Every structure is written in C-alpha cells, then in structure tokens.
Amino acid sequence: MRPEIMALAPYRQGKQAGADAFKLSSNENPFDPLPAVLAALEKTTPVNRYPDATAGRLRDALGARYGVTADQVHVASGSVAILYQLVQAAASVGDEVVYAWRSFEAYPGLVLVAGATGVQVPLTAEGGHDLDAMADAVTDRTRAIIVCTPNNPTGPIITSADFAAFLARIPADVLVILDEAYAEFVTHGDAVDGLAERVYESHPNVVVLRTFSKAYGLAGLRVGYAIGQEKVLDAARATGIPLSVTSAAEVAAIASLEDAAEAELRQRVAVIVERRNTLISALRAQGWDIPESQSNFVWLATGQRTDEVAAAFSAADVIVRPFSGDGIRISVGEHESVEKVLQIAESVVEPLQ
Ligand SMILES: *Cc1c(COP(=O)(O)O)cnc(C)c1O
C-alpha cells in the first residue's frame, strides 16, 4: 500500500442518530421526499438492468434548464465523485491543488489520493475564502483550485465581483472547480452564481458543481452534476467509474426538476433559510460570534472547547459535526431542533466569553 494512503483516516460519517435524536451533522434536508419523486422511483427501470451509462435524460433536462448542451453537463454519483474525477484528471505526483482551509472535509483526501500536494490557504477571520491569498498561492505546479461557496463548514459566500477579480489572476490552464453544493440556500444578492453567470463561458477553465443531496433532499440516492466545457468534462468522464449513477438516482433527479416539484422544493428551501436566519440571530444574541452563513448550516467557533461542547450536544441527543480544536457545524434541521440547539448553545456559551 502507498504509505500516504495508509496514513489517511477512513471517511467518518456524521454520527447516525438514535430514534429520538436530531441528526444535524451532515447538512441533509429534514423534509420527507416529495410524493412526485417517490412516484417516479416506483416506475424506475427494473433493477436487473444496468442504468443508462450517460444519464442522458438527466443531462438533457439539466442542459435545457441551464441553456447548455448535454455534453456540457456531467452527472455522477454525488458531486463528491466529480471532485475526485476532476482532481484525478488534472493533478498527479508533483502537482499542487489549492483550496481554502477549513473547508469541505473531502478536499484533503481526494488531493492525496490523486498523488498531488494540497496547498491549504487559511480562511479570513470572518470564515470566508481569502481569494487574494489563494491566487498568491498559485505556482507553476498548480493544476487545480477548489473554491467552495458558500463555504462548508463556515457558511460565507464569495461575491461575483471578488470571484471575477480572482479569476483574472488565475492562469487559463489551471482548472478552477467552483463547488456550489449549497447554492440554492443563498439569498445574498451579490453572491457568485456560476450557472446564472455562465462563468464557464467567459473562463473555460471553470467547472461549476451542484448536487441533488442538499436542497433537493436526495442525499441517499447519490447524484450530483457539473456544468462546464465539454473537453474539461470529458476528462472527468474518462476518470469516472462507468455506470455509477443508478436508474433510481436519475429518475428521482429528473422528477425533482419538474416545475411542480421544483416549486415545492423552493418553498422548503425558503423554510430552511428562514430557520437558518432565526438560528443565527438567536445564537448571536446569546453572545456567539457566528459567521454570515448562506447555507443550511451554522458554525460555532468553539476552538479548544470543541470536543466538550460537542459532547453537550450529544448528551442532549443532538448530533452535530465537531472539528476538534476548531469548531462545530450544525445543520439547520427540523423545526423542533432549532429550540433545542439554542438551549444547548446557551448552556455552553458563557465560559467561552
Ligand atoms: C455535500 C457537499 C458536496 C456534495 O455532496 P454529494 O452528496 O456528493 O453530491 C460537495 N461539496 C460540498 C462542499 C458539500 O458540502
């Protein structure tokens, strides 16, 4: 075995919750699947047959929605799979991949698996990307940059203007992966939206990633997508494992894009956004310094007290995602979970001041 792989911790999922617990550790959607999605799943291809290897119908639907060709759409079993494919395609031994830190916990591992070297650029004090420092970190060995907006786990967005200024500093042959897993929860008017702004056209080295796991509530089915230039996505298609997107995932995603389903989903997202804003204001009123989250989670900067504070949540049957020595990410979940989170947060806030 490669020593760097043996040294890598296996993926640890947010703790599975007991029946009475709130599971707020994986940024999942708390709502039950839409009836239209369940109905579509019942009519899916028999499972003795392989799925459509190209997920053609889903790529057509996404292409129509975003005004691109089906070849400018790539679908995989979660956008995490696309991150792996793109980094694998772009970077290898001796190459560098730049990303902010702390950010999505999958980034360090996927860079290492590709054999490349990760270059982590610290977040700003407000929990956002330091795009100037990230551009400064680019060398002639940099092959890819991952940009996460809103940033998981802290929540702030990147503005369109800042992203444009950043891209202007990045060589055209460096792949820029814009990870927008939480785009649907963004209400900030100046936030970059890689799809609405078609940044992959003005900058062919940009690929935009989205997922059905968060706002669309299909995390268990594993389906995400990329929009970008056909040639760039061909590289991801070449490194991907064929037939990974199941028929069930494809039909559920297509059903979710239908107008009626989408309208219902948008209402749910609006509910979660309102809950998020309530949670942020109430936590701030308690004295917490909460970054400006535009996603479906909030970040408690608990520092050295992280394990102890996470234990207080656990003991009260609220499963959160602690990052030891740094902070705690809490997903915006069921209505009833909000009050509970606030009670626990209040009980531990004082000694932090
Ligand atoms: C959840 C998440 C993803 C994608 O999840 P999939 O379920 O693999 O689509 C990608 N990036 C970030 C930052 C995420 O938080």
Side-chain angles (χ1 to χ4, degrees), residues 11-14 23-30 33 55 58 62 73-88 97 99-111 113 118 120 123 127-129 144-158 176-186 191-195 207-228 236 240-241 244-246 248-250 252-253 256-257 269 272 276 291 293-299 320-321 323 327-333:
Y11 181 74
R12 292 200 205 293
Q13 191 170 29
K23 182 170 182 285
L24 307 179
S25 53
S26 299
N27 301 342
E28 294 150 339
N29 194 310
L58 177 53
L62 288 166
V73 182
H74 172 48
V75 173
S77 51
S79 57
V80 164
I82 305 177
L83 279 161
Y84 268 84
Q85 294 163 2
L86 286 170
V87 170
Q88 192 106 50
V97 179
Y99 55 89
W101 198 250
R102 179 171 293 277
S103 189
F104 187 28
E105 61 261 40
Y107 299 157
L110 64 93
V111 171
V113 168
Q120 302 185 337
L123 295 174
H129 279 46
I145 307 174
I146 310 174
V147 177
C148 185
T149 178
N151 187 53
N152 175 4
T154 51
I157 51 103
I158 291 167
V176 176
I177 305 171
L178 186 60
D179 187 346
E180 298 187 334
Y182 300 95
E184 296 83 358
F185 301 103
V186 172
V192 66
D193 179 327
L195 298 186
V207 173
V208 183
L209 300 190
R210 296 279 179 98
T211 179
F212 286 96
S213 296
K214 310 287 168 43
Y216 288 85
L218 301 181
L221 283 170
R222 315 300 308 122
V223 54
Y225 59 98
I227 305 242
I241 298 170
S244 298
V245 179
T246 65
E250 187 181 15
S256 304
L257 292 170
V269 165
I272 294 168
R276 167 193 81 203
S293 175
Q294 284 281 295
S295 57
N296 66 341
F297 50 81
V298 298
W299 174 252
V320 295
R321 179 68 73 98
F323 298 94
I328 294 175
R329 189 190 67 202
I330 305 176
S331 310
V332 179

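Reckoned from all heavy atoms, side chains included, excluding hydrogens, waters and symmetry mates. Read the numbers this way: they start at 1 and go in the same order the structure lists the ligands and their atoms. Quantities reported herein were computed from a predicted structural model and do not represent experimental measurements.
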| request: May I have the step-by-step check of side-chain hydrogen bond (donor to acceptor under 3.5 Å, both in side chains) for Asn27 and Arg321, ending in yes or no? | output: CA-CA 10 Å; Asn27 301 342; Arg321 179 68 73 98; over 6 Å; no
Considering only the protein, which heavy-atom contact is closest to [atom], and what is its distance?
atom                   : result
atom 9 (O) of ligand 1 : Thr211 OG1, 2.5 Å
atom 1 (C) of ligand 1 : Lys214 NZ, 1.2 Å
atom 7 (O) of ligand 1 : Ser213 OG, 2.5 Å

| request: Determine the interplanar angle of the Tyr182 and Phe297 rings, folded into 0 to 90°, and report it as parallel if under 30°, tilted if 30 to 60°, perpendicular if over 60°. | output: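 Because their plane-to-plane angle is over 60°, the rings of Tyr182 and Phe297 count as perpendicular.
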| What class does the angle between the rings of Phe104 and Tyr107 fall in, given that below 30° is parallel, 30 to 60° is tilted and above 60° is perpendicular? |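 Ring orientation of Phe104 relative to Tyr107: perpendicular.
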| request: Output yes when the distance from some N or O of ligand 1 to some N or O of Asp179 is under 3.5 Å, and no in every other case. | output: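 Yes - when backbone and side-chain N and O of Asp179 are compared with those of ligand 1, one distance drops under 3.5 Å.
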| Does the N or O separation between Tyr182 and ligand 1 drop below 3.5 Å for any pair? |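 Min N/O separation from ligand 1 is below 3.5 Å for Tyr182.
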| Between Leu218 and Ser256, what is the shortest heavy-atom contact and its length? | CD1-OG, 3.7 Å
| field | Shortest non-hydrogen contact from Leu123 toward Ala100 | value |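 Heavy atoms only, the tightest pair is CD2-CB, 3.8 Å.
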| 4.5 Å side-chain heavy-atom contact, Arg102 and Thr154 | no
| query | Any side-chain heavy atom of Val186 within less than 4.5 Å of one from Thr149? | reply |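 Side-chain contact under 4.5 Å: no.
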Quick one: which ligand 1 atoms are inside 4.0 Å of a heavy atom on [X]?
X      : answer
Arg222 : 6 (P), 7 (O), 8 (O)
Gly78  : 6 (P), 8 (O), 9 (O)
Val80  : 4 (C), 5 (O), 8 (O)
Ala181 : 2 (C), 3 (C), 10 (C), 11 (N), 12 (C), 14 (C)

| Does some non-hydrogen atom of Cys148 fall short of 4.0 Å from ligand 1? | yes
| task | Would you kindly specify which portion of Ser79 sits under 4.0 Å from ligand 1, judged on non-hydrogen atoms: side chain, backbone, both or neither? | result |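 Contact part for Ser79 vs ligand 1: both backbone and side chain.
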| Counting only N and O atoms by type, is there a donor-acceptor contact under 3.5 Å from the side chain of Glu184 to the main-chain atoms of Val269? |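 No: the side chain of Glu184 does not pair with the backbone of Val269.
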